[in-house]
Each structure stands twice: as C-alpha cells, then as structure tokens.
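Attaching a single structure in structure tokens format; questions to follow.
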Amino acid sequence: MTNLRALLRDRLVYLDGGMGTLLQAAGLQPGERPETWNLTHPDAVRAAHRAYFDAGSHIVSANTFGANRLRFGAEELREVIFAGVRLVREAAQASAGAQPKFAAMDIGPSGRMLKPYGDLAFEDAVRLFAKAARLGAEAGADLILIETMNDSYETKAALLGAKEATDLPVLVSNAYGGDGKLMTGASPEAMVAMLEGLGADAIGLNCSLGPAALAPVARQYLAAASVPVLFKPNAGLPRVEDGRTVYDVPPADFAREAADAVRAGVRLVGGCCGTTPEYIRALVRETAGLTPVPVEPKRETVVSSSTHAVRFGPKPVLIGERLNPTGKKAFRQALLDQDMSYILREALHQQEAGADLLDVNVGIPEADEPALLPRAVEEVQTVSDLPLSIDTSDPAAMEAALRAVNGKPLVNSVNGSQESMDRVFPLVRKYGAAVIALTLDEEGIPPTAQGRLAIAERILREAERFGVERKNILFDALTMTVSASDSAAAVTLETVRLIRERLGCPTVLGVSNVSFGLPRRAAMNAAFLTLAIGEGLSAAILNPLSEEMMTAYRASLALRGQDPHCAGFLAHAQAHPEAARVPAAAPVSGPEQADALPPLQDAVRRGLREEAAARAREALREGQTPLSVIETHLIPALDAVGAAYEAGKLYLPQLMMAAEAAEAAFGELKGALSAGAAEVPARCPVVLATVRGDVHDIGKNIVRLLLESYGFQVSDLGKDVPPETILAEVRRLQAPWCGLSALMTTTVPAMAETVELLHREAPFCRVMVGGAVLTAVYARQIGADAYAADAMEAVRLCAAGEGAR
Amino acid sequence: MTGALRLTEIPDGLDWDRREILRYALPGGGDAEALPLEECLRLAAGAGGGRVLWRVEPVNLPDAGDEVSVGPLTLPSRDLKRALAGCGYAVVLAATLGMEMDRLIARYRRISPVRALLLHAIGAERVERALDVFSAGLSRELAPEGLTLRPRFSPGYGDLPLTVQPQLFALLDCERRLGLTLSQSLTMTPSKSVTALAGIRPAGEGKGEQST
C-alpha cells in the first residue's frame with residue numbers, strides 16, 4: 001500500500017465531499033447527532049463513504065466530526081469512533097476504485113469556546129482532542145483530519161492533542177468567514193505560521209463558501225505555506241428552494257473553480273457542505289491531467305498572535321521590553337501580589353505606542369515562574385493581540401508558556417552553549433516557535449564580530465540537528481556598554497552586518513544597554529538604534545514608550561524608504577508635537593468646578609483618569625509623600641463619592657469612574673515608592689470570585705475596582721471558579737475576607753458549598769456574598785458571614801473587619 | 001416554507017440607539033453625561049451587524065399539559081404555549097454579533113470596568129437591533145400571505161428553561177453555521193447572542209387581545 005506521506009508528497013490528493021448532505025438524504029433528522037448513525041445506520045454511512053471512494057477520493061473521513069467526550073460518554077465514544085473508522089475501511093475494500101485509499105479520523109470543533117471567552121480551559125481542550133485522536137488511531141485510522149475549526153486557540157489545542165496522542169499524519173483545516181478571517185479573528189498568514197510550527201502535515205481551509213469565493217484565502221495559504229495546502233470548499237452558498245436547501249454552484253462549475261485552485265498550487269482537494277460524490281467525480285475528471293505544483297519552502301521569519309502574523313524584515317520589528325520586572329519595584333510588587341492589572345496596562349500602553357511584539361518576563365526569585373508565566377501570557381492575550389516573546393531561562397516556565405500562547409511565539413532565548421541548546425531547541429521544535437539566539441557560549445561573549453559570527457554558525461548547525469529550521473532563528477548580536485569599551489558598539493554593529501550578509505539570518509538587539517553609565521541615555525540609545533537599523537537590523541527590543549526611541553525609529557523608516565509618504569512619521573509627530581515638551585498648561589476646568597476642591601480630589605470625583613494620574617504625579621513632585629496624598633486626597637474623594645452614591649445623588653457609573661480615576665492615581669503613587677520610603681498602608685488581602693457555574697462578573701468587577709481604589713490587595717479569581725481554587729487562594733494570602741458573587745439562582749448551591757468549605761478549611765476567613773439573586777436573609781441561610789448589597793458595602797465590610805479574626 | 005435552515009446577514013452601520021444603550025447600562029437611571037459613551041461607540045464601530053440563523057417549524061399545541069412542540073423540539077413551557085396560541089408555525093432562531101464585541105469587552109474588563117459595562121450595553125442593543133431588523137424583514141415577507149409574526153420568546157423568559165438551549169442549538173446547527181457555542185452553564189459564546197422562538201399566525205387571529 002502506498003505510504004500516505006509519499007502520497008502527500010507526490011500526488012494531487014482527492015478528499016471526500018459533504019457527509020451531512022448524504023446522511024440527511026438518507027433520513028438523518030435535524031438535531032440528531034450524525035455520529036450515532038455509525039451504530040444505528042451503518043449501511044447508510046458505509047454507502048456514503050463508498051460512493052466517495054468510487055468517485056475517486058484517496059482520503060475519506062470517518063463520520064466522527066462531533067465525536068468527543070463533551071458529547072458522548074466514554075464507552076459510547078469508543079464505540080462511535082471504532083465503528084466510524086471501521087466503516088471507512090470497509091467502504092475502501094468494497095470500492096473498486098484503483099487509487100490508494102485511506103481512512104481519516106475526522107475531528108471537528110469541541111462545541112465549546114475556550115477561555116477567556118468561553119469556559120473550556122486550554123489544557124482540557126487538549127485532553128479532549130487527544131482522547132478522540134487516540135481512539136481514532138486505535139481504531140485503525142491512517143491519519144487525523146482536524147477540520148472546520150473557527151478559532152485559532154482551539155485549533156492549536158486540537159493539533160497539539162493529536163500530535164501528543166498519536167504518530168499519525170495530521171491535516172488541519174480551518175473555516176474562514178466572508179471577511180477572510182476565522183471567527184475569532186485570525187488571518188490565514190497567522191494560522192499558517194502557527195500550524196506549520198506545530199508540525200501539521202498539511203494545512204488548509206474548508207466549508208464557509210464556494211471554491212471561487214474561497215480562492216483568495218487559498219492564495220494566501222499558498223504564498224505563506226511550506227507544507228501542502230488542502231482545499232475543501234462548499235458547493236457555493238445555500239439557498240432555499242421549495243423548502244429544500246440547495247447550493248448555488250453545480251458540480252461542473254465547482255470542478256472548474258477547484259481546478260483553478262489546483263493550478264495555483266493546492267495539493268489536496270475535496271468538498272464540504274452541499275458537495276456529493278457527483279462533485280468529486282467531476283473534480284477528478286476536471287483535474288486528471290494536471291501536475292500538482294511543487295511545494296516551495298518559504299524562508300521568511302514569521303511569528304503570529306491570535307489575529308495576525310508579523311514578519312521580520314525588511315522593516316525592523318519593535319519588541320516592547322516593559323513587561324519585565326528587572327529594576328522595576330512596582331512591577332515586582334505587582335507580581336508578588338499576582339496583580340495582573342499592572343501588567344495588562346503596561347501591555348496595552350506598549351501596543352498603543354507602536355510595539356509589534358511584547359516580550360513577557362516575570363522572572364523574580366520569589367515567584368513560582370512555571371505557574372506565573374503561562375498565567376501572564378493568558379492574561380496579556382486578553383488585552384493585546386500582539387505576538388509574544390516568551391522571555392525566561394526556566395525550562396518548565398518556558399514550556400508552560402509555549403503551550404498557553406495563542407499563535408506562534410518568539411522564545412527569548414537560547415545561546416551557543418551546548419547546555420542551553422540541549423534545553424531550548426527541543427521546546428522550540430515541538431511548539432513551533434522562533435527563537436532569539438545570543439551569540440555567546442560557554443566561553444562568554446567574543447570581543448570581535450568574527451567571534452560572534454562563528455558562534456552563530458555553530459548554533460545554526462546545532463539547530464538543524466534538533467530539527468529547528470534556520471528561518472526560525474534570530475541572532476542577537478549583543479549590545480555592550482560603550483562607556484566601558486570604545487569599540488563596543490562598533491563590534492555589535494559589525495556583527496549585525498556580518499550575520500545578515502554571510503548567514504542571511506535576521507538579527508535583533510536590545511538597545512538600551514549601550515548607554516549604561518552615560519548622561520542623555522535616551523539620545524544615545526536613539527542614535528545607536530538608527531545606526532543598527534542602517535546595518536539592516538531586523539528587530540529591536542526597546543521601550544516603545546520612549547519618545548526619543550520612537551522618533552528615531554519612525555525617522556529611520558522614513559529615511560530608508562520604508563514609510564510611504566512619511567505617513568508613519570507624520571502620525572508620530574502629530575501625536576508627539578515638540579510643544580509637548582513645554583510643561584503642561586494649567587488644567588482646563590469649568591467655572592462650576594472652581595470652588596476650592598483640591599485638583600486631585602476634583603479629578604477623582606469627576607472620574608478623570610489621566611487627570612487624576614497627572615495630579616498625583618504633580619503632588620509627588622511637590623514633595624508630598626504617597627501616604628499623605630492617599631490620606632488627604634484619594635480617600636476623602638472616594639468617601640465623598642461613595643456617600644453621594646449611597647444618598648442617591650450619584651449613580652453607579654459615576655462611582656465607577658471615580659474609582660477608576662482613584663486607581664490611576666494610586667498606580668502613580670505605588671510606582672513612586674522607593675525602598676525605605678513610607679509604604680502605602682497595606683490594606684488586607686481580599687479574594688474575589690464568581691462561583692462555579694456562573695459566568696456573570698460585572699458586579700464582581702465593580703467590587704474589585706472599588707476595593708482596589710481603596711488600597712485593598714485584591715486577588716480576583718474571575719468567573720466560574722471551583723470552591724477548591726478559592727480555598728487555595730484564601731490560604732495562600734491568608735485573606736481575612738473572601739467575596740463571592742452569583743447572579744443566577746442555579747449557582748447559589750455552588751456558593752453555599754464554597755462558604756461551607758471556607759468555613760471548614762480556612763476558619764480565619766470571613767465570607768461576604770453578593771449578586772442579583774441574593775438577599776440578607778438568603779445570605780444567612782447559606783451561612784455567609786456578611787451580605788454586601790453593593791460595592792460600597794463591600795468596602796465598608798472589609799475596612800471594618802480588616803484582619804479582625 | 002418549513003424545514004430549511006437559512007442565514008440572514010444584518011448589515012453593519014445601523015444608527016445607535018443611545019437611549020436604549022443607557023437603559024441597559026444604567027438600569028437604575030442616572031446622569032449619563034459623565035460616561036465615555038461616545039468613545040465606546042467608536043470602539044464598537046467595527047463590531048459588525050450580526051447574523052441570524054433561522055428555520056420555520058410547525059407548531060403543535062396539545063390541549064392538555066404544558067408542553068409545546070415546535071418541529072422536533074419539545075418545550076416544557078406554559079408561557080410559551082400562551083405566546084404561540086393560534087400559531088400554525090414558529091420561527092426558531094439564533095442571532096449573534098460575533099466575537100469582536102467579546103474581544104473588546106475582555107480587553108476593557110480588567111483595565112476599565114466602566115468601558116466594559118458600556119460595551120456590554122452596546123452589544124446588547126446591537127443584537128436586539130439586529131433581531132428587530134430581521135423581524136421587520138420577515139414580517140414584510142409574511143404580510144402578503146396574510147400572516148403576522150408574533151413577539152420573540154427566548155429560553156430564560158417566563159417558565160421556558162435554559163435547559164432547552166442544547167435542543168435549539170442542535171436544530172439550528174449553531175456551532176457549525178454560526179460559530180455559536182454553549183458553555184456548561186448553558187450561556188452562549190459569543191456572549192452577544194440570542195436564541196428565540198416567534199410564532200407565525202394568520203393576521204386576523206387574536207385581534208384585540210393583549211400582545212405578550
């Protein structure tokens with residue numbers, strides 16, 4: 001029998017057509033699970049498979065699209081999958097077709113959305129798909145076909161699960177919308193980067209539209225992919241005729257349009273909804289004389305996120321460096337407190353300032369990095385759609401983060417020492433990342449460009465041995481401090497040029513090191529960046545919030561002809577006019593605000609975030625201590641707003657706006673604290689969660705916001721949180737208060753269970769409850785210590801009972 | 001007319017109903033001046049017009065009991081039975097704005113709850129608006145046949161439990177056709193989505209009776 005991988009390599013491969021269409025014709029009812037037909041109507045299923053083999057299909061998919069543990073019990077799942085694969089094999093034997101025939105284990109979406117938008121955890125999804133793939137392999141499938149996936153993260157879970165559970169070839173096909181993107185936003189280029197990295201044997205697209213309408217997406221795949229591309233479109237668009245659904249592209253047109261895709265380079269072709277054996281027969285006839293276009297390996301270095309791809313070169317890529325605790329006291333404290341909102345704000349600011357990637361580093365000695373790094377990655381992904389650079393030297397943290405990331409990440413970093421390469425390259429290979437390789441080794445950093453080039457060459461040889469492609473390596477030419485050695489920067493710049501010219505590999509530099517120990521560091525860094533870009537630097541790791549750096553970057557692009565009509569530079573200049581260097585003018589305030597309120601209090605009461613932050617900075621500059629600013633301005637302003645709210649003079653939105661403003665001011669004060677200075681009075685830790693089974697979190701988020709604005713150390717566990725998780729966090733923080741929220745009557749039992757568990761296992765912690773369905777009476781009935789009717793009440797409870805137990 | 005599954009796209013670019021949005025955001029009323037509503041409307045501008053997936057099924061209202069059957073669905077609800085009185089058919093539908101709105105809300109949830117709240121409200125207004133546009137269009141199609149479309153009725157209204165959601169999802173093939181998924185607690189992702197039934201009955205019937 002022909003080997004499947006050889007078939008993929010050598011021939012135009014025919015897939016099958018629609019299955020639902022045929023089963024419906026045989027009597028499958030709307031709402032009935034098609035997979036159960038493998039057991040109840042095996043003859044109909046086998047006949048459909050056989051019709052495709054007779055029509056010329058090489059690969060026919062088992063009727064297992066929805067066969068997973070979310071829809072079937074363990075025993076039933078095994079039966080459905082075993083029967084499903086067996087029916088394809090029987091059909092292959094029964095068919096007289098002379099072509100090589102293969103049975104695919106078909107895997108569709110789980111039916112649930114992954115976190116953070118839905119409630120299915122990524123690793124649970126991996127397990128779910130691994131289970132289905134393993135059963136398919138045990139049942140004798142020749143390959144796995146993952147298809148109709150409309151979410152990038154779920155596609156990754158499925159591919160990872162299939163690869164970890166079996167050695168079978170895996171084909172991956174996504175369903176694109178009319179806008180040429182997946183439902184959750186991924187572009188074709190982003191999907192190609194991620195799926196190739198993770199080791200898919202062929203990738204492509206199915207469902208959604210007809211072949212002509214899907215052709216533009218197929219072309220994007222062909223332009224980016226180094227593996228065979230598959231194409232399984234619908235028979236056009238459905239329309240209703242006499243109460244029946246018919247598709248608007250008939251077999252002959254379908255075959256002609258699909259043949260165009262084959263001429264463009266598609267190598268596996270079939271049909272999806274609305275297509276029948278007649279379509280496949282027409283397709284085989286139409287393409288019989290065509291020679292498949294060879295797959296050209298692509299050499300661009302590409303990373304991707306949940307939405308888009310970023311390619312390195314020729315335009316230099318900016319990697320934001322600010323998600324890194326080195327030298328940042330407030331960041332370290334945020335990590336210790338597991339306060340992710342600090343990190344999220346930094347992420348968003350860098351994206352707004354123009355970063356193309358975000359470097360994520362949470363390495364502090366006191367933290368559990370293998371737990372913290374993937375969590376930071378997950379959180380950053382909810383606010384930013386930039387590709388990430390996973391920055392750690394801890395292999396366990398690196399692997400955990402590589403799993404959690406949505407897209408193809410960059411790894412920061414490997415170096416030329418054997419120990420580093422042995423540790424990092426297997427992870428880079430398995431998870432399909434690109435990697436920054438430092439041009440140093442066991443002996444240290446070579447003082448010459450030739451020395452660094454030699455290390456780069458050795459790293460390339462070693463990478464090949466590990467199966468890491470050359471295009472996935474970016475070399476860091478290593479920025480050294482120019483005040484320590486006159487030739488330091490010159491050597492770095494020469495290394496950039498040599499690596500580009502001799503090896504053709506992309507390069508990266510961390511920029512700011514160059515000016516260490518010198519005055520006017522920003523200007524020095526900007527000049528160095530400009531020179532490095534002149535040498536063909538592919539990427540810079542820098543602070544995108546530095547105006548000097550960004551001006552140098554934008555100017556360099558314009559001068560190199562990489563900024564059409566200087567549009568980028570002009571936009572940058574408009575956002576950062578030179579006049580901005582003049583100290584800010586007095587704030588504009590209407591006459592009604594003129595009455596005597598100190599400006600910071602006024603800003604908080606009016607809910608002006610930026611204004612409040614600016615006023616807090618100003619107060620610090622004037623010599624006030626953070627503590628006095630909090631006590632004399634923030635707390636009184638919040639109290640006044642809270643009182644007005646309770647008196648019905650202000651409404652929830654104003655209360656929230658004020659809290660946001662206070663929090664912004666608070667952030668400035670925290671950031672200003674230095675060792676030895678007066679600490680912000682540490683309010684007690686409070687754990688908040690929406691209980692298991694409940695996904696409503698607006699009210700809980702308001703409580704969090706208000707508690708944080710009052711300086712409480714809030715750990716927000718999110719929504720749908722199991723009791724055990726809440727207990728673990730309460731114990732970790734030794735929190736005297738835990739707040740639980742529930743909106744639906746159906747989830748109050750989960751709340752009662754959580755209260756009971758906390759009282760039994762963490763008697764030091766008092767539990768307050770709130771949410772639409774609760775009342776004081778109800779709260780007492782389920783054993784809660786307190787009922788918070790609203791967010792202000794929650795603040796009062798925590799303030800009154802701080803550490804009291 | 002019955003049986004076939006149809007997908008109707010509602011175009012983007014309908015006017016915003018600011019009053020309705022504020023009604024969702026401020027159920028207790030209050031001064032909206034302080035809110036960054038216009039900023040949030042700009043953020044949501046690209047969030048799309050919505051898609052409605054639907055099919056028409058025959059209604060069967062047995063004289064006894066509180067169950068209603070709509071095509072293959074068996075729905076335990078006295079309130080729905082009342083809402084479908086006199087209807088020979090019903091539209092079963094699912095509508096969604098898609099993921100963009102959820103992405104926006106997730107982004108602002110942690111950094112500005114006020115904006116997240118407003119985006120929730122904007123999404124709620126958008127999806128209801130899309131359904132209104134859909135219903136108006138369907139009503140126009142039904143009128144020449146002497147039929148009218150009754151108000152929508154969703155799982156979770158009255159005594160129609162959320163537990164019927166999986167049946168509706170299966171009937172409409174929501175996951176595949178709309179990318180709509182159900183969580184364990186039977187809520188939908190994308191979150192700005194609605195499932196509903198709406199009766200169809202002869203225009204003369206039930207005249208003068210209070211609409212539900």
Side-chain angles (χ1 to χ4, degrees), chain A residues 20 29-33 66 108-113 116-120 148 150-151 175 177 183-185 207 238-241 243-245 273 340-341 344-345 348 379 382-385 606-607 609 650-654 656-657 659-660 693-695 697-698 701-702 704-705 720 744 746-747, chain B residues 1-7 9 25-32 34-36 48 55-57 71-73 98-100 102-103 105-118 120 162 167-173 175-176 178-191:
Chain A
Q29 291 304 305
E32 204 179 345
R33 289 180 302 180
S110 69
R112 294 248 297 277
M113 184 67 75
Y117 304 108
D119 64 345
L120 184 60
T148 326
N150 54 22
D151 173 44
M183 186 189 73
T184 49
C207 209
R239 76 168 180 272
V240 178
E241 246 172 40
R244 284 186 331 116
T245 303
C273 304
M340 285 290 163
S341 43
L344 300 185
R345 250 177 245 128
L348 209 58
E379 296 264 357
T382 63
V383 301
S384 167
D385 64 355
R606 284 159 56 208
R609 282 196 299 182
L650 281 185
Y651 293 89
L652 189 58
Q654 283 100 329
M656 290 167 67
M657 295 289 284
E660 279 188 17
D694 207 324
V695 294
D697 64 352
I698 298 178
N701 291 343
I702 295 170
R704 183 193 75 224
L705 174 70
D720 194 8
M744 303 189 295
T746 50
T747 54
Chain B
M1 174 170 76
T2 59
L5 198 53
R6 308 175 206 213
L7 187 67
E9 305 258 353
L26 300 168
D31 173 20
L35 294 175
R55 65 196 297 159
V56 174
E57 293 289 343
L73 305 175
M99 282 304 292
E100 184 54 30
D102 281 27
R103 274 205 295 275
I105 292 168
R107 171 176 291 193
Y108 284 94
R109 194 171 62 85
R110 296 297 295 272
I111 52 176
S112 173
V114 173
R115 285 165 180 80
L117 175 71
L118 285 171
H120 267 295
L162 274 184
Q167 283 190 68
L168 261 70
F169 264 62
L171 176 67
L172 294 172
D173 200 7
E175 289 158 17
R176 211 205 264 249
L178 220 46
L180 192 55
T181 62
L182 270 185
S183 76
Q184 235 164 354
S185 37
L186 301 175
T187 55
M188 292 180 277
T189 310
S191 66

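Each chain gets a letter, A, B and so on, in the order its sequence line appears, and its residues count up from 1. Note: hydrogens, waters and symmetry copies are ignored here, and every other heavy atom, side chains too, is used.
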Exercise for the section: Answer with side chain, backbone, both or neither: which region of Ser384(A) has an atom nearer than 4.5 Å to a non-hydrogen atom of chain B? Expected result: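 Backbone only.
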
Problem - Contact origin within Leu171(B) toward chain A - heavy atom pairs under 4.5 Å - result: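 Looking at Leu171(B), backbone and side chain both touch chain A.
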
Exercise for the section: Go through the structure and list residues passing side chain to side chain donor-acceptor pair (under 3.5 Å) with Arg103(B), not counting sequence neighbours. Expected result: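 So Arg103(B) forms a side chain to side chain donor-acceptor pair (under 3.5 Å) with Glu100(B).
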
Practice task
Examine whether an atom of Leu348(A) lies under 4.5 Å from a heavy atom of chain B, and if so say whether it belongs to the side chain, the backbone or both; otherwise answer neither.
Solution key: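 Contact with chain B involves the side chain of Leu348(A) alone.
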
Exercise for the section: Mind checking the CZ-CG spacing from Arg109(B) to Leu344(A)? Nearest 0.5 Å is all I need. Expected result: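 The CZ atom of Arg109(B) sits 9.0 Å away from the CG atom of Leu344(A).
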
Problem - For Met183(A), side chain to side chain contact (heavy atoms under 4.5 Å, CB included) partners two or more places apart - result: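 Residues passing side chain to side chain contact (heavy atoms under 4.5 Å, CB included) with Met183(A): Met113(A), Asn150(A), Met99(B).
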
Practice task
Would you mind reporting whether Pro72(B) and Glu32(A) have side-chain heavy atoms less than 4.5 Å apart?
Solution key: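 Side-chain contact under 4.5 Å: no.
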
Problem - Top contributor to chain B contacts, counting heavy-atom pairs under 4.5 Å, from Gly607(A), Gly177(A), Gly111(A) - result: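 Looking at each option in turn, the highest pair count goes to Gly111(A).
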
Handout entry: Side chains of Gln184(B) and Arg112(A) in contact at under 4.5 Å (non-hydrogen atoms)
Key =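 The answer is yes, as the side chains (C-beta and beyond) meet within the 4.5 Å cut-off.
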
Handout entry: Proximal component of Asp385(A), with respect to chain B [non-hydrogen, under 4.5 Å]
Key =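 For Asp385(A), backbone and side chain are both near chain B.
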
Handout entry: Contact leader toward chain B among Pro30(A), Pro109(A), Pro238(A), Pro116(A), where contacts are heavy-atom pairs under 4.5 Å
Key =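 Most heavy-atom pairs within the cutoff with chain B belong to Pro30(A).
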
Practice task
Sort Gln29(A) into side chain, backbone, both or neither according to what part of it lies under 4.5 angstrom from a heavy atom of chain B.
Solution key: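 Looking at Gln29(A), nothing touches chain B.
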
Problem - Region of Leu7(B) in contact with chain A, defined by heavy-atom distances below 4.5 Å - result: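 Interface part for Leu7(B): neither.
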
Exercise for the section: Indicate yes or no: at least one non-hydrogen side-chain atom of Leu73(B) is less than 4.5 angstrom from one of Glu57(B). Expected result: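 They are not in side-chain contact.
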
Problem - Test item: Arg609(A) and Ser112(B) side chains (from C-beta on) under 4.5 Å apart, heavy atoms - result: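 A side-chain contact under 4.5 Å exists here.
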
Practice task
Below 4.5 Å from any heavy atom of chain A, which atoms of Arg176(B) appear? Answer side chain, backbone, both or neither.
Solution key: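 It is the side chain, since no backbone atom gets that close.
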
Problem - Ser341(A), part contacting chain B, at a heavy-atom distance under 4.5 Å - result: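 Ser341(A) touches chain B through backbone and side-chain heavy atoms alike.
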
Problem - Portion of Arg704(A) that has a non-hydrogen atom of chain B nearer than 4.5 angstrom - result: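 Answer is side chain: those atoms of Arg704(A) sit under 4.5 Å from chain B.
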
Practice task
Assess whether side chain to side chain contact (heavy atoms under 4.5 Å, CB included) is satisfied between Leu182(B) and Met188(B), documenting all intermediate values.
Solution key: CA-CA 5 Å; Leu182(B) 270 185; Met188(B) 292 180 277; 4.0 Å; yes

